[in-house]
Protein chains: 2
Amino acid sequence: MRPTVHDIAAEAGVSLATVDRVLNRRPGVKAATRMRVEAAIAAIGFVRDMAAANLAKGRVYPFTFILPSGDNSFMRGLERHVREAMARPSADRVAISLVIVPPFDGAAVARALDAAIAAEPAGIAVVAVDAPDVVEAALRVQASGIPLVTLVSDLGPSCRDHFAGIDNHAAGRTAGSLMRRFVGQERATIAVLAGSMLVRDHRDRLDGFRAALSGTCRLLPVLEGQDDPAATERLIADLLARYPDVAGIYSLGAGNRGLIAALQRHNRPRPRAVIAHELTPHTRAALEGDLIDAVLNQDAGHEVRSAIRVLKAKADGIPAVEAQERIRIDIFLKDNLPFADDADGLSLRPSGAASGAN
Amino acid sequence: MRPTVHDIAAEAGVSLATVDRVLNRRPGVKAATRMRVEAAIAAIGFVRDMAAANLAKGRVYPFTFILPSGDNSFMRGLERHVREAMARPSADRVAISLVIVPPFDGAAVARALDAAIAAEPAGIAVVAVDAPDVVEAALRVQASGIPLVTLVSDLGPSCRDHFAGIDNHAAGRTAGSLMRRFVGQERATIAVLAGSMLVRDHRDRLDGFRAALSGTCRLLPVLEGQDDPAATERLIADLLARYPDVAGIYSLGAGNRGLIAALQRHNRPRPRAVIAHELTPHTRAALEGDLIDAVLNQDAGHEVRSAIRVLKAKADGIPAVEAQERIRIDIFLKDNLPFADDADGLSLRPSGAASGAN
DNA sequence: CTGTTAGCGCATTCAG
DNA sequence: CTGAATGCGCTAACAG
């Protein structure tokens, strides 16, 4: 059997309380005693049973998650994963309160952050909007000593403790590499569709994409569809009409519904390469229906779980291995699609109240 | 606070012991009483704290893992992840014994399985070799009531309880799709490098690859390098000399070192598209050095952890959600490489004894 | 500074 | 068939 606190108490000739004190680095132990205990711990090869420790502590971590509302499929998938974490009966001991704010609304995010501060949670995770008042609110969070993690969309590194999301510049580069290979020929005409250049992740992706393609292709001016289906569809339809030779489209935002609709209505052969972001029911269907060639994805489930792990670590004062929490950039083709009921926000079942089971 | 067994005991007007009996479906409870308790459980929304339960049970799951020896980087990474799971102080309560057998040696695997049966573990995971004596041994494992999971390389579905690995046919298709796009032109000449057509994963990959490419490219006869660096290097060098117009190479086995060496020594432009399997220090370097264009990967860490989860579930008689344990087919380009110290068997540090820390 | 004691939520004897 | 009592490994008052 694994050694326990009793074994080390016996080995060091002290009581459980003392062992516990040095184990948890609490004051009130003579240096000499502490060393004896530490020696015993090392000698006996003790490792603390965290499950038992947490049980005894009865500690719960109250966290606040702030997410945008709206019909963005990716965000709704993200919400589903947060709700899943809330409902998870297992290990965790995490109590999440979920706050939904209007999308792209810096003021609303800032207000939500201030409200969260008042509730004194053990940590906050937020899908940030890169606006001045959000930055200020983030600084207030930090000032109040509450760990802050940005989710999916970042603020500056100085405004938060950690970013749980992908390297969007690398994602753009990846898209660029793929695009270059997929279109094949030199100096092909490529179009880029973004949501808004006001959000940081979109800017980063564009930069990376440009870098990967520099000198090889001809990039048309960026189309900004504000992630609005109707507007995006018009933009794309117009693009296809005006540039019949466009060889590739890179959709780096969340305007995929409009893009797909336009491609569907288009009666001539579609551009050779269409690459989009985020695996949602829509992009999945488009991939399967050969309207899109590749989808870059960030695993929303991983991001949520990673955010929770990091917040827990910060709350416990443990440094949290940054490198270990890096989120991958997934590439999906029609051929390596994961199954729809995987943990990806892909299932179409509602994420509402009746999530008690799972 | 979450409801506990006490709450439900009070609600149902019975004692803890009775609650526990119905919770664990044990006999000795009058039907009427049982119903009362179950009603209380439902009414109060009770969910068992597994951590506490395991603590009380003091249960440990002794598992046996059987892996091949040899210098195959992927397998060594797999071993590292198993050792990590062995050393993990956290939750788990899993006690793994690791058995290393010679690679591609069916008899050795069969012997290891029989030895494992004798040790009466709560479950066995094995990197299978698709040979008759292994199948027979697997059936003996099943007959003795021990859950059996195949890892990375499968046997027939009837010989094991679960397969913790990727869909290799889909992986082959993915490689084929990528290859088709990467080489660009129609009717390009493509070479395939395999380890041995005697292992199931290699055969499956080849089938998928062929299916994806059917009618579009010209496939040369499959080269079998037995995953041996020197032999593989000769095969590839010969290929490049004899077919100067070869546009793509698909390496579906573990012979990447030889492939890379041959490409490095080759003084003319290399084939337009080179696609390999498994992200190892070698393929990573080749990707970064533009000798390889894409690497398909299976996350060894996920596979090991998944195997453990499934074995635990089987040991507990819980059905284990098959769909949830599906392993993804990762695609890596130079641009979306994960960091080297991620959980991928990529770091070059030895996986030897001194793994106590982490 | 250090030791005693009583739980955390659950499982399991052993009596009734 | 049911209940009371004890302990898993660890933490946290509360005494010494």
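All chains are named by letter (A, B, ...) in the order of the sequence lines, taking the proteins before the strands, and each is independently numbered beginning at 1.
- Looking at N24(A), its side chain does come within 3.5 Å of a backbone N or O of D20(A) through a donor-acceptor pair.
- For the pair L55(B) and A31(B), both in contact range of DNA chain D, the more 5′-proximal nearest nucleotide belongs to A31(B).
- The distance from atom CD1 of I146(B) to atom CZ of R140(B), rounded to the nearest 0.5 Å, is 12.0 Å.
- A donor-acceptor pair is defined here as one N or O able to donate and one able to accept, closer than 3.5 Å; such a pair exists between the side chain of Q142(A) and the backbone of S158(A).
- With rounding to whole Å, D20(B) atom CG is found 15 Å from dC14(C) atom C1'.
- Two residues, R34(B) and A52(B), neighbour DNA chain D, and the one matched to the more 5' nucleotide by heavy-atom proximity is R34(B).
- Dashed line: the shortest gap from a side-chain N or O of R59(B) to OP1 or OP2 of dA11(C) is not under 4.0 Å.
- Rounded to an integer number of Å, the gap from I44(B) CD1 to dG9(C) C1' is 14 Å.
- Counting only distance, with no hydrogens or angles, the side chain of R36(B) and the backbone of A12(B) share a donor-acceptor pair below 3.5 Å.
- The closest donor-acceptor contact from the side chain of N297(A) to the backbone of D330(A) lies at 3.5 Å or more, if one exists at all.
- Summarising the geometry, the separation between CG on N54(A) and C1' on dC8(C) is reported as 11 Å, rounded to the nearest angstrom.
- The CG atom of L23(B) sits 11.5 Å away from the OG1 atom of T18(B) when rounded to the nearest 0.5 Å.
- Using a 4.0 Å cutoff to heavy atoms of chain B, the contacted part of DNA chain D runs 5' to 3' from dC1(D) to dG9(D).
- No side-chain donor-acceptor contact under 3.5 Å links D161(A) to the backbone of V149(A).
- One N or O on the side chain of S153(A) and one on the backbone of A128(A) form a donor-acceptor pair closer than 3.5 Å.
- When heavy atoms are screened at a 4.0 angstrom cut-off, G28(A) is found touching base atoms of the nucleic acid.
- Residues from residues 7-18 of chain B placing a heavy atom under 4.0 Å of any atom in DNA chain C, listed by number, are A17(B).
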